[in-house]
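Beneath this line is the structure, given in structure tokens, with notes to follow.
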Amino acid sequence: MTEEQLVLVERDGRVGVVLMNRPKQLNALSDELTAAVVTALEELDADSEIRSIVLGGGERAFAAGADIQELAASTPIALSESRHIERWDAIRNLRTPLVAAVSGYCLGGGCELAMTCDLIVASETARFGQPEINLGILPGAGGTQRLTRAVGKAIAMDMILTGRLLSAREALQHGLVARVVAREAWLVEAKRVAGEIAAKSPIGARLAADAIDQAFEAPLSVGLAYERRNFALARASEDADEGLRAFVEKRAPDYKGS
Ligand code: DAK
């Protein structure tokens with residue numbers, strides 16, 4: 001199967017959309033699919049016309065995890081030689097705001113992939129979980145860290161040690177997802193949210209997301225200093241001049257991303 005078929009890519013104005021398309025295997029993240037996702041995301045990330053990206057799957061599954069057949073056949077050496085781990089790191093390093101659009105199963109590596117995004121919009125059908133324990137392994141792409149930071153120790157322990165799945169409503173209640181929408185609206189709403197982000201100053205949005213991420217990396221005093229630095233950087237942009245002037249002149253801002 002070619003890369004074009006494994007992921008469906010579209011551009012809708014300033015919003016890029018990448019949909020994983022391996023429906024028979026519930027978008028199990030084979031090495032090939034992961035590579036195709038990274039390639040598509042990096043291409044959109046490099047395109048200055050694109051100001052936000054939606055990453056989604058299908059209605060039945062965002063992704064049901066890493067490909068278990070590949071995992072069963074792999075060794076740690078083979079994984080690093082195949083650049084599999086680097087690919088996961090590449091997704092984390094994207095600069096364009098990334099909205100995960102989740103419908104159906106979002107498990108294991110799929111849940112880790114969604115958590116790598118800046119925010120998650122979920123269908124009421126979504127099910128989130130880190131069921132690796134059922135396979136005799138544990139999360140390997142950030143699950144123990146990002147899930148714990150998102151939902152807290154009690155729920156993370158429960159999910160990771162028992163394999164329990166969270167419903168979309170539970171995921172919302174515990175802070176894993178930003179919005180839950182009706183079954184038929186998952187992609188439309190994710191695109192709408194991405195469109196809202198795309199209408200803001202790209203510099204402001206990027207520096208804001210970057211500062212929020214620091215809340216999980218640094219102590220408060222360091223995070224606050226980081227925020228102040230990003231604020232000063234954003235204020236130095238032409239977009240900030242435009243946004244502030246547009247408010248005073250009672251008109252909509254026109255951001256250039258400079
Ligand atoms: N891998 C491969 N195939 C999968 C799959 C998976 N993760 N999940 C589903 N499939 C396949 C099934 O084998 C089946 O294929 P056929 O038999 O039709 O050929 C097809 O998708 C449909 O699945 P089911 O027949 O099972 O459908 P059901 O509705 O009955 O059940 C299910 C849906 C999602 C509950 C079930 O399929 C399931 O439990 N799937 C496995 C979920 C899971 O355990 N996920 C965690 C995988 S481990 C790392 C990076 C990442 C990872 C580790 C390290 N590094 C960078 C170091 C990640 C690890 C994981 O994600």
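Note that ligands are numbered from 1 as they come in the structure, with each ligand's atoms numbered from 1 the same way. Position 1 is the first residue of the sequence, and the numbers go up from there.
In summary, E217 and R149 do not engage in a salt bridge, as defined by a charged side-chain N under 4.0 Å from a carboxylate O. The existence of a salt bridge linking E196 and R192 is confirmed by a sub-4.0 Å separation between a basic side-chain nitrogen and an acidic carboxylate oxygen. Electrostatic pairing of R127 and E170 does not count as a salt bridge here, judged by no charged N lying under 4.0 Å from a carboxylate O. Salt bridge absent: R146 and E112 never bring a charged side-chain N and a carboxylate O closer than 4.0 Å.
Distance screen at 4.0 Å: atom 38 (C) of ligand 1 has no protein heavy-atom neighbour inside the cut-off. The protein reaches atom 45 (N) of ligand 1 closely, with a heavy atom under 4.0 angstrom from it. By the definition of a contact as any protein heavy atom under 4.0 Å away, atom 16 (P) of ligand 1 is not in contact. Remark: atom 23 (O) of ligand 1 lies closer than 4.0 Å to at least one protein heavy atom. Shown here, atom 27 (O) of ligand 1 is in close reach of the protein: a heavy atom of it lies under 4.0 Å off. Protein non-hydrogen atoms do reach within 4.0 Å of atom 1 (N) of ligand 1. There is a protein heavy atom less than 4.0 angstrom from atom 49 (C) of ligand 1. For atom 13 (O) of ligand 1, the protein comes within 4.0 Å by no heavy atom at all.
Nearest protein heavy-atom contact of atom 31 (O) of ligand 1 is Y105 OH, 4.4 Å. Remark: minimum distance from atom 41 (C) of ligand 1 to any protein heavy atom is reached at I68 CD1, 3.7 Å. A28 CB, 3.9 Å is the protein heavy atom nearest to atom 5 (C) of ligand 1. Of all protein heavy atoms, the one closest to atom 18 (O) of ligand 1 is K24 O, 4.6 Å. Looking from atom 10 (N) of ligand 1 to the surrounding protein, the closest heavy atom is Q25 O, 3.8 Å. Looking from atom 36 (C) of ligand 1 to the surrounding protein, the closest heavy atom is L26 CD1, 4.8 Å.
With 3.5 Å as the limit, one finds no donor-acceptor pair spanning the side chains of E59 and S103.
Judged by the shortest distance from any of its heavy atoms, E70 lies outside the 4.0 Å radius around the atoms of ligand 1. Within the 4.0 Å heavy-atom cutoff, N134 does not count among the residues contacting ligand 1. Look at Q130 and you'll find every heavy atom at least 4.0 Å from all atoms of ligand 1.
With ligand atoms numbered from 1 in the order given, ligand 1 contributes 50 (C), 51 (C), 56 (C) to contacts under 4.0 Å with heavy atoms of W88. Proximity to G65 (heavy-atom distance under 4.0 Å) selects the following atoms of ligand 1: 61 (O).
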Practice item. Report the C-alpha distance between K191 and E10 in whole Å, list the side-chain angles of each, state the deciding distance to 0.1 Å, and finish with yes or no for salt bridge (charged side-chain N to carboxylate O under 4.0 Å, His left out). Key: CA-CA 11 Å; K191 286 182 183 174; E10 62 179 62; 3.1 Å; yes
**Study point:** Derivation and outcome, salt bridge (charged side-chain N to carboxylate O under 4.0 Å, His left out), residues R95 and E42
**Key:** CA-CA 9 Å; R95 287 155 54 87; E42 284 183 335; over 6 Å; no
Practice item. Could you check E184 against E189 for side chain to side chain contact (heavy atoms under 4.5 Å, CB included), going step by step and ending with a plain yes or no? Key: CA-CA 9 Å; E184 62 282 1; E189 178 66 5; over 6 Å; no
Exercise for review: Might you work through the salt bridge (charged side-chain N to carboxylate O under 4.0 Å, His left out) test for K256 and D254, ending with a clear yes or no?
Suggested key: CA-CA 7 Å; K256 305 277 190 242; D254 177 18; 2.7 Å; yes
Practice item. Apply salt bridge (charged side-chain N to carboxylate O under 4.0 Å, His left out) to R22 and D67, showing your working. Key: CA-CA 11 Å; R22 203 186 169 214; D67 188 304; 2.8 Å; yes
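Atom 54 (C) of ligand 1 has its nearest heavy-atom neighbour, among S74, G108, G140, in G140. Comparing A64, A141, A72 against atom 51 (C) of ligand 1, the shortest heavy-atom distance belongs to A141.
Between A66 and ligand 1, at least one pair of N/O atoms sits closer than 3.5 Å. For ligand 1, none of its N or O atoms has an N or O atom of L135 under 3.5 Å away. In terms of polar-atom proximity, P131 is not counted as a contact of ligand 1, lacking any N or O under 3.5 Å from an N or O of the ligand. The shortest N or O to N or O distance between R60 and ligand 1 is under 3.5 Å. At a 3.5 angstrom cut-off on N or O pairs, L107 does not count as close to ligand 1.
Among all heavy-atom pairs drawn from C106 and C111, the shortest one is O-CB, 3.4 Å. Closest non-hydrogen pair, I50 versus G13, comes out as CD1-O, 3.9 Å.
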Under 3.5 Å, which donor-acceptor pairs do the side chains of residues 208-215 form with other protein atoms, sequence neighbours left out?
from: D210; atom 1: OD1; to: Y226; atom 2: OH; distance (Å): 3.2
from: D210; atom 1: OD2; to: Y226; atom 2: OH; distance (Å): 2.9
from: D210; atom 1: OD2; to: N230; atom 2: ND2; distance (Å): 3.1

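The cluster map of Ile, Leu, Val, Met, Phe, Trp and Tyr, joined by side-chain heavy atoms under 4.5 Å apart, puts I68 and I137 in the same cluster.
Remark: the backbone N or O of Q5 is paired with a side-chain donor or acceptor of N21 at under 3.5 angstrom.
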